[in-house]
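This report concerns only the one structure given below.
Order of the sequence lines sets the chain letters (A, B, ...), proteins ahead of strands, with each chain counted from 1. Because only heavy atoms are used, hydrogens play no part in the values below, and waters and symmetry mates are left out as well, while side chains stay in.
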Protein chains: 2
Amino acid sequence: MKDVAAAAGVGLKTVSRVVNKESGVSPAMAARVRAVIDELGFRRNDSARLLRTGSTASVGLVLEDIGDPFSSALSRGVEAVAREHGCLLLTGSSAEDADRERELALALCARRVDGLVVVPAGGDHEYLLPEAASGLAVVFLDRPGAGIEADAVLSDNAGGARAGTAHLIAHGHPRIGFIGDLPHIHTCAERLRGYREAMRAAGLPVDERWIATGPTDPATVGRAVRRLLTGGPDGNGGPDPTAAERAAEPVTALFTANNRVTLAALQALAGLPARPALVGFDDLELAALLSPGLTVVAQDPEALGRTAARLLFDRLGHDTSPPRRVELPTRLIVRGSGEVPPA
Amino acid sequence: MKDVAAAAGVGLKTVSRVVNKESGVSPAMAARVRAVIDELGFRRNDSARLLRTGSTASVGLVLEDIGDPFSSALSRGVEAVAREHGCLLLTGSSAEDADRERELALALCARRVDGLVVVPAGGDHEYLLPEAASGLAVVFLDRPGAGIEADAVLSDNAGGARAGTAHLIAHGHPRIGFIGDLPHIHTCAERLRGYREAMRAAGLPVDERWIATGPTDPATVGRAVRRLLTGGPDGNGGPDPTAAERAAEPVTALFTANNRVTLAALQALAGLPARPALVGFDDLELAALLSPGLTVVAQDPEALGRTAARLLFDRLGHDTSPPRRVELPTRLIVRGSGEVPPA
DNA sequence: TTGAAAGCGCTAACAT
DNA sequence: ATGTTAGCGCTTTCAA
């Protein structure tokens, strides 16, 4: 900019005015400056500008895994709203690792993003307190944060799981298996709660060996599927190994608690002759084209992302009301797999 | 930082040294400074730091649509490599719009990203020349750029389409329909070229009415599917309307040129009694679980992203060799839908 | 080992 | 309508 001013033989501020389309510059002067700008290929350095003005016109998004369709739909929602506000989006993935989440969030803060949308991987967010104290707006997405008072946007996980489980019960299944990811993850815990509530509401007992939680790789989920369907021992070595080692009653239906689990379960079931009823949490792209079609409890991840971003910008607009927790409804989509009667 | 220095009663530079873990500070002093830092909740402002040092330790990624599974896999690849290099990733979507791409790329440049990975939406990238001249590294991804000499990482689109089409031909289909997205998009054009080459290599004629390009919404693709299968007029009002209005021979197989087209075509086919053979470009998550399984020409989007990012960091490491074009192979995955014989 | 001064590229506030 | 000065928060340079 200094170069432009020198080359055009004008003051620095005049160039600044032209670049920022401020009024108070004669057309002739503006034209001359613009000519020099083009000639020199000058582009304003926004980092410097933003350092000076204080705002950064950018928000950060910490996802669990940008490659997961659910995450990318979230991020589409956040991006759309950020864009409406003329804000750039800085994104990173935590790979479901608490340290990485922290590191990433702090890196974004060091860049002085105006606000942060976080899909929590860790269970403690106290590390954001100093940032929040110095003006950072924070919204948690998909899962609530801990150790800091902040807005959260979630799906009605328990309600959705309740509806999905009740749907299976209504189709005659008294024994239903639950397969989820890691039990300490909020969404998994809530969906399990919904499952238990639906069972209890129907007066059905729950055998703890019907509940499988763990990694979502196809091998692990495949083992869980086969165990639940045959009633074998759980192999987890739970608090009561002798009970766990006894065979459980086989289930006739499965509730799979997220998209990756559902996918892995479908793969495991593909080889089997008789298929249990299945309801999955999260919709899948080809769900309607399977046979039978896949019955799911669908979230609206893009709406989740948009809602979180709106909340964030409300806060940036100095909305100082107490932290809110917004819960978005889920929707049961009936397509066939959940209506199979017990074998 | 100034505040910390004042509160600790030390010089500014000492605080800077402690924050950056530079050597040359006595342990006692360092401890005192760190105590004040914690007390005040001080966090270094990286924007200011980077303004001073010149580098920004960040790279930009301009995608077509972050919500598309293909894009998000690309971005996972880019992010992984950026992370290895301690770089933050700034991402945005162009929504397949040239102006938006430009606007986004320039916004990232104004933030002084060190490098830019661009999935081109527009056909002209001259606007990046001034940036490149002042040191920006640029790599195009998925499609080549135009108007600027830069690296590009692509899939072997023509080769993949050739293999897919040849596969259908080998299974006895002389008449094969091609459904793609917009014909000016490089990937579509290349895949169409591959299709034509395979047909010619087999000595088969191509009726232009077997080729449908346009938007990828389910309605448009559905119409194309039905037209190709029944041999109705093309309705495009092409250069030879009278010929176009004559009925064409119905095709017995379809080659769908990207994931969205494949998805839409599958939806359209779901309602139909007799199904044509189908090979799609791009793999889909549930492809193996459909019946018949979906035969595809698979790309490796994560590898595309990683390769592009590696090339970018090579350039940032002052690799000044002439621009390269890297082409990654595709893989035909046989699952059933492409092996259906002609009706 | 420590610190003062200069300056990265820009804009806000105040001249002219 | 245009220019000058100071300073955003940090690092670099050089001096003590």
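Residue A/M1 contributes atom CE, which lies 8 Å from atom C1' of C/dT11 at whole-angstrom precision. One interatomic measurement links the two molecules: CZ of A/R112 to P of D/dG9, which rounds to 9 Å at whole-angstrom precision. As a whole-Å value, the separation of B/L40 CG from D/dG9 P is 14 Å. With rounding to whole Å, A/K13 atom NZ is found 18 Å from C/dT16 atom P. In this entry the distance linking CG of B/D3 with P of D/dG9 reads 8 Å, nearest Å. Rounded to an integer number of Å, the gap from B/R49 CZ to D/dG9 P is 17 Å. Look at CG on B/D46: it is 10 Å from C1' on D/dC10, rounded to the nearest Å.
Within the 4.5 Å cutoff, the side chain of A/R34 has heavy atoms near those of the A/V18 side chain. When side chains are defined from C-beta on, B/E22 counts as touching B/K13, because their heavy atoms get closer than 4.5 Å. Taking 4.5 Å as the limit, every side-chain heavy atom of B/I148 sits out of range of all side-chain heavy atoms of B/E126. Considering only heavy atoms from C-beta on, A/L88 comes within 4.5 Å of B/L108 through its side chain. Looking only at side-chain heavy atoms (C-beta outward), A/C188 and A/N258 stay at 4.5 Å or farther from each other. At a threshold of 4.5 Å between non-hydrogen side-chain atoms, the residues B/V59 and B/L89 count as touching. Put simply, the side chain of A/L51 does not reach to within 4.5 Å of the side chain of A/R112, judged on heavy atoms. At a threshold of 4.5 Å between non-hydrogen side-chain atoms, the residues B/H125 and B/Y127 count as touching.
Annotation: proximity of residues 16-33 of chain B to DNA chain C (heavy atom, distance under 4.0 Å) is found for B/R17, B/G24, B/V25, B/S26, B/M29, numbered in ascending order.
A salt bridge is defined here as a Lys NZ or Arg NE, NH1 or NH2 lying under 4.0 Å from an Asp or Glu carboxylate O, and B/D151 with B/R315 meets this definition. For the pair B/D65 and B/R260, the salt-bridge criterion is not met [side-chain N within less than 4.0 Å of a carboxylate O].
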Strictly under 3.5 Å: I want the nitrogen or oxygen pairs between protein and nucleotides 6-8 of chain D, one per line.
| residue | atom | partner | partner atom | Å |
| --- | --- | --- | --- | --- |
| D/dG7 | N2 | A/R52 | NH1 | 3.1 |
| D/dG7 | N3 | A/R52 | NH1 | 3.4 |

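No hydrogens or angles considered: a donor-acceptor pair under 3.5 Å links the side chains of B/N20 and B/R44.
The rotation axes computed at either terminus of the helix from C/dT1-D/dA16 to C/dT16-D/dA1 lie 40° apart, taking five pairs at each end and rounding to 10 degrees.
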